[in-house]
> 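For reference, the structure I am asking about is given below.
Remember, it's 1-based here, ligands and their atoms both numbered in the order they're listed.
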Amino acid sequence: MSRFARVFCCLMLAAVATATAAAETQAQSSYIVHVAPSHAPRSSRPRLLARAYTSFLRDTLPESMWLPAPKMLYSYAHAATGFAARLTKLQAAHLESQRSVLAVVPDKMLQLHTTLTPSFLGLSGSYGLVPESNGAEDVVIGVIDTGIYPIDRASFAAAADQYLPPPPPKFRGSCVSTPAFNASAYCNNKLVGAKFFSEGYEAESGGFNETEESKSPLDTHGHGTHTASTAAGSAVPGAAFFNYGRGEAVGMAPGARIAAYKACWKNGCTDSDILAAFDAAIADGVDVISFSIGAVGLAPEFFNDTTAIGAFRAVRKGIVVSASAGNSGPDEFTVVNTAPITGVSLYAGKPLNASEKIPLVYGGDVGSNVCQEGKLNASLVAGKIVLCDPGVNPRAMKGEAVKLAGGAGAILSSTKEFGEMAMASAHVLPAAAITFAAAEKIKKYISTETKPVAKIVFRGTVVGETPSSPRIASFSSRGPNIRAPEILKPDVTAPGVDILAAWTGESSPSGLDSDKRRVEFNIISGTSMSCPHVSGIAALLREARPDWSPAAIKSALMTTAYNEDNEGDVIKDMSTGNASTPFVRGAGHVDPNRAADPGLVYDAGADDYISFLCALGYTAEQIAVFATDGLEADCSTRAASAGDLNYPAFAVVFNSTSDQITQRRVVRNVGNRARATYKARVACPAGVRVTVKPRMLRFRATQETQEYEITFAPRRAENVTEKYSFGSLVWSDGEHKVRSPIAITWPAASQVAAM
Ligand SMILES: *[C@@H]1O[C@H](CO)[C@@H](O)[C@H](O)[C@H]1NC(C)=O
Ligand SMILES: *[C@@H]1O[C@H](CO)[C@@H](O)[C@H](O)[C@H]1NC(C)=O
Ligand SMILES: *[C@@H]1O[C@H](CO)[C@@H](O)[C@H](O)[C@H]1NC(C)=O
Ligand SMILES: *[C@@H]1O[C@H](CO)[C@@H](O)[C@H](O)[C@H]1NC(C)=O
Ligand SMILES: *[C@@H]1O[C@H](CO)[C@@H](O)[C@H](O)[C@H]1NC(C)=O
Ligand SMILES: *[C@@H]1O[C@H](CO)[C@@H](O)[C@H](O)[C@H]1NC(C)=O
Ligand SMILES: *[C@@H]1O[C@H](CO)[C@@H](O)[C@H](O)[C@H]1NC(C)=O
Ligand SMILES: *[C@@H]1O[C@H](CO)[C@@H](O)[C@H](O)[C@H]1NC(C)=O
């Protein structure tokens, strides 16, 4: 190669490198910018606000950074103070260094992960909380999700069997009309709001494919329709997913109004869109926000957690926020067939011939142990039943792969961690899900038998006394709380497995494109199915007890929750088959009728949460992101420890066996008797001495508050080998039982808990 050519080559490379670097510094991505309240525009009118933040950017960025021009996605007035915009890294870093800016957080994409439940929860139209709250007619539940599908869906009809008056005047929301969503035809006194938020999603995914999803509040996925009807669907008699779960489908709060805020799209939901949905819901004046969307991986730090910020601001305005992260669901009604190996399925097509035994093969022997499409050898699968391992591809897709390879049926193993639990799905061929242990048995049978055979018999819905109910689903997330070990999480449990509720007409019940079935109702599972149950119950309480704060409502749900199943044993954990712990079931399973009359409540306001964040060691700047309208973010004036947050549960972390930890609480008398005397009864966790001072609380008036102290000390004589031990404190006046769980983390486990 000539010298000249080499030089030329070098120049070329350098040019390319400069161009790449330029492209990198020019590349914009989405950020949420939290602005210090003292520098925020006064107006909350969207157009004025957007203009004000555009000039804020121009004033704050030096002229050399004006290009490429930032693109404003949203301005926030209620759920946060600030805006979302497309910025370069350099622009974002410059903003972050300004005193007028509290934090600049990169936008990220979150993933999405009734029915017979009201009678299971003891909710009835004729007694208790539902009539007492008139079905929560004055309450509007804002559902932040994948939108709503109201077309021919009786769950969202205004007047199925009851007349619903117009929504309360304090609600200022509305329905937007688009070519795919005719607001005047779809909205009514039941569905009172429908909006969509896609700016962040469009920016992240580089545009919107209108042939794949419609830019409208219309739910093309199904999840949002399902959660909305679980929380507040009107009663629909004779509802079923094919023949499974037939019965009356009715939401928890059948009179409550629904406002749908669509922030989730085909490939997920961005923080900036979710924050915009919170912003709109707060501005519209909803009473409850139901939010069933989870972050992927570890929970973010509170101040870095957009939804925590939106939720905090909402609670500050008196809105009850029910989020699914950490909530859980026991087995509500099991779809079980009994012999010889029990599995679950929501297959609704032509069954296999019950008297015919069909050859059985293991996916691992015929091309793909997880039954991936295109990998199964059709000549080995045709006409057979295939056993598939869990993982890699979704369960409905495994069934489809077996079908495409000509298989007759599929048996899907659950993971080992799921223990006794198997997940039912809506399959396109005869298929059943079984437990890991059962799958191991079948594998052994296949490997030892020369001609293994099987049959799959469908028994329909079995609403059973066996196994016991409720039980905690294996997929439920577990405590301890990684961000604040002093706070017990999850709070409460509610039904979340095999929930029948309304579904979209725009996609199949299995979620597969090739599945052409369309259904009015579908059965799905997940912690996101528990959340709308709690939202609906919170709506009933909001109506029946209008003077209660969001914290008081949460306290009532927690202290009245029950912890025994229908056989009188501690609620079981399906992943082990053993008794669950408070790290799994929280304060217990919600009991809505008792929650209306808890006796005492543990109240807390925004100020208490700020003290709590201070105690966790957050800086004033981080806390200021949460603080609004005059809340003092200065931690130096606050002395509380994290354990003193007035929370209706106790989580104690011992660093050494010589620790002694005291926590303080305040309770308020909300019982119907002005004079009441409550006595403490403690079930001590193993190895711990618990003292309560005073042991008796005397109230002379309703709304009166009393304080007490509770001290935890390890007993020297006992060596606890477990990582955790559990107990409870119950205050009782003979009529009410105000129960708080106690969870102790021992030194050996505190490293694990902190991870
Ligand atoms: C929307 O619905 C209303 C009421 O049903 C109807 O009058 C109107 O024609 C519909 N508009 C469109 C564009 O279909
Ligand atoms: C939009 O989606 C359709 C259907 O999936 C697809 O055929 C088309 O290529 C997509 N268009 C773009 C621009 O991605
Ligand atoms: C906050 O989130 C950003 C991006 O998600 C991350 O880079 C940063 O480290 C986080 N900050 C803390 C303190 O966790
Ligand atoms: C089921 O299989 C049995 C035995 O092979 C056969 O006699 C019967 O006709 C089959 N029934 C149907 C409905 O195909
Ligand atoms: C499928 O199995 C048959 C029979 O064992 C075998 O002859 C064939 O090569 C296999 N095909 C592939 C693609 O592995
Ligand atoms: C469940 O309980 C049994 C009997 O107490 C015990 O042997 C077993 O180890 C427990 N299983 C788990 C996973 O904790
Ligand atoms: C336990 O250790 C942590 C971290 O070292 C510390 O913040 C906390 O105050 C300690 N708790 C007690 C009761 O000593
Ligand atoms: C507890 O453990 C310590 C250290 O291992 C030991 O010296 C002591 O005897 C144990 N106490 C009891 C009651 O087992």
> Should you measure from each heavy atom of Ser184, which atoms of ligand 1 turn up under 4.0 Å away?
1 (C), 2 (O), 3 (C)
> Could you list each nitrogen or oxygen of ligand 5 that sits under 3.5 Å from a protein nitrogen or oxygen, with the atom names and the distance?
unit_1, atom_1, unit_2, atom_2, d
ligand 5, 2 (O), Asn377, ND2, 2.4
ligand 5, 2 (O), Ser379, OG, 3.4
ligand 5, 11 (N), Asn377, ND2, 2.8

> Return the CG to CD1 distance between Asn188 and Ile258, rounded to the nearest 0.5 Å.
9.0 Å
> For ligand 1, which atoms have a heavy atom of Ala185 less than 4.0 angstrom away?
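It comes down to these atoms of ligand 1: 2 (O), 5 (O).
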> Without swapping roles, check the side chain of Lys398 against the backbone of Leu387 for a donor-acceptor pair under 3.5 Å.
no
> So which pairs with a foot in residues 359-368 pass side-chain hydrogen bond (donor to acceptor under 3.5 Å, both in side chains), sequence neighbours left out?
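Matches after skipping sequence neighbours: Tyr362-Asp389.
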> So, do Tyr186 and Phe156 have ring centers that fall under 6.0 Å from each other?
no
> Considering only NZ, NE, NH1 and NH2 on the basic side and carboxylate oxygens on the acidic side, decide whether Lys170 and Asp287 come within less than 4.0 Å.
yes
> Report the distance from atom CZ of Arg153 to atom OG1 of Thr225, rounding to the nearest 0.5 Å.
8.0 Å
> Let me confirm one number: the CZ-CZ distance from Arg257 to Phe171, rounded to the nearest 0.5 Å.
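It comes to 10.0 Å.
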